[in-house]
Amino acid sequence: ADREKKYVIGISQCMLDDAWRQQMIREVGIEASNYDSIKVVIKDADNDNDRQIEQIRELIAQKVDVLIISPFESAPITDVAEEAFRAGIPTIITDRKVNTNQYTTFVGANNYDLGFAAGTYAAKHLPPHATILEIWGMMGSSPAQERHNGFRDALQQRTDLTFRPVEGDWRYDVAAKRLKEIDFSQPIDFVYAHNDMMAIAAREHFLAIDPVRGKELHIIGMDAVANAGLEAVADGRINVSFLYPTGGEQVIRTAMQLLRGEKVDKYIPLLSGLVDKSAAQTLLLQSERLSNYQQRIETQRSRMDELLNRFNFLRDSLSVITLL
Ligand code: FRU
């Protein structure tokens with residue numbers, strides 16, 4: 001069926017090895033399968049700015065029809081994103097920003113608002129003179145900066161608070177390692193992690209050093225994606241999370257609009273919201289149902305492909321016979 005594909009959509013992913021990115025790729029695949037005319041090429045930079053720059057250059061050289069970039073760090077990826085845009089390739093930036101407006105559109109939730117919502121939630125649960133541990137995503141990536149700024153702005157009136165930052169690089173293993181290096185003889189009252197994987201690392205860390213206090217410690221995260229934080233909120237390991245949609249579906253839909261020559265907005269916002277225990281339980285049920293449907297659709301699609309192949313084979317053999 002490949003010979004019928006007219007357009008190539010290139011996706012440069014900063015990494016693929018976490019549940020959130022896996023979910024994004026799944027959504028991309030489902031949405032892309034609705035269109036016969038496109039082929040999606042995904043490059044995985046495996047947590048490396050230089051590799052991502054190189055891969056984006058390959059996609060530019062290959063003259064993809066639309067380029068989607070999910071940057072690793074904002075500053076290092078800026079120039080190459082501009083290069084693509086200036087080469088005339090419609091360029092969609094998603095999730096993490098670049099430091100330029102030389103791109104076609106940005107798809108993503110508002111991370112400042114997410115941080116602000118987290119701060120507003122925290123304000124309701126913080127005792128006076130609380131110490132807050134903030135576990136950062138990569139400091140060079142825009143969602144970390146914005147989640148931090150929004151959170152702090154929401155708590156501006158609270159001059160009684162103490163903030164302790166730690167860099168977790170968005171990763172469970174990095175957060176777990178860094179937490180072990182910190183002296184927590186002054187106890188923590190609240191943990192704000194920039195994503196759920198680091199929130200889970202915090203939960204495990206504090207349970208290990210003090211099972212009683214650890215169990216009571218208030219911990220919040222972000223993403224609320226299945227196979228990661230959603231289960232942790234549903235079973236009470238972390239208190240709440242905030243939905244951070246991956247936008248896999250929207251980036252493909254936007255790419256299709258660009259391919260059809262339609263104008264798209266410079267910013268395509270994705271919605272977000274607080275996910276508490278009961279919301280998480282509902283979302284989990286829903287996501288199970290969805291993946292069942294998905295599987296059924298995939299089975300039917302491969303059956304159809306098989307039939308189509310057989311049909312093509314028969315047609316080709318028939319035309320050979322007629323020629324004879
Ligand atoms: C996934 C991730 C998410 C986070 C996003 C921020 O790789 O770390 O957990 O919300 O990237 O860019």
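We count ligands from 1, going down the list as the structure has it; atoms in each ligand are counted the same way. Counting from 1, the numbers follow the sequence of the chain as shown. The structure displayed is predicted, hence computed values, not measured ones. FYI, side chains are in, hydrogens and waters are out, and symmetry mates aren't considered; it's all heavy atoms of this structure.
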Worksheet entry | Salt bridge D196-R237, side-chain N to carboxylate O under 4.0 Å | no
Worksheet item: Quick one: are the ring centres of H218 and Y121 less than 6.0 Å apart?
Response: yes
Practice prompt. Kindly say whether D210 contributes a backbone atom to a donor-acceptor pair with the side chain of K215 at under 3.5 angstrom?
Written response: no
Worksheet item: Does Q23 have a heavy atom less than 4.0 Å from any atom of ligand 1?
Response: no
Discussion item. Taking 4.0 angstrom as the limit and counting only heavy atoms of D18, give me the atoms of ligand 1 inside it, by number and element.
Written reply: 1 (C), 7 (O)
Worksheet entry | Sub-4.0 Å atoms of ligand 1 with respect to non-hydrogen atoms of R96 | 2 (C), 6 (C), 7 (O), 8 (O), 11 (O), 12 (O)
Worksheet item: Any chance the side chains of Q62 and E58 put a donor and an acceptor closer than 3.5 Å?
Response: no
Worksheet item: Where's the contact between M222 and ligand 1, heavy-atom distance under 4.0 Å: side chain, backbone, both or neither?
Response: neither
Worksheet item: Just distances here: any N/O of W170 and N/O of ligand 1 closer than 3.5 Å?
Response: no
Fill in: Salt-bridge contact D169-R171 (side-chain N to carboxylate O under 4.0 Å)
no
Worksheet item: Does any N/O atom on H194 come nearer than 3.5 Å to any N/O atom on ligand 1?
Response: no
Item to complete: Return yes when S141 approaches ligand 1 closer than 4.0 angstrom through a heavy atom, no otherwise.
Response: no
Item to complete: May I ask you to check whether N195 has an N/O atom sitting below 3.5 Å from an N/O atom of ligand 1?
Response: yes
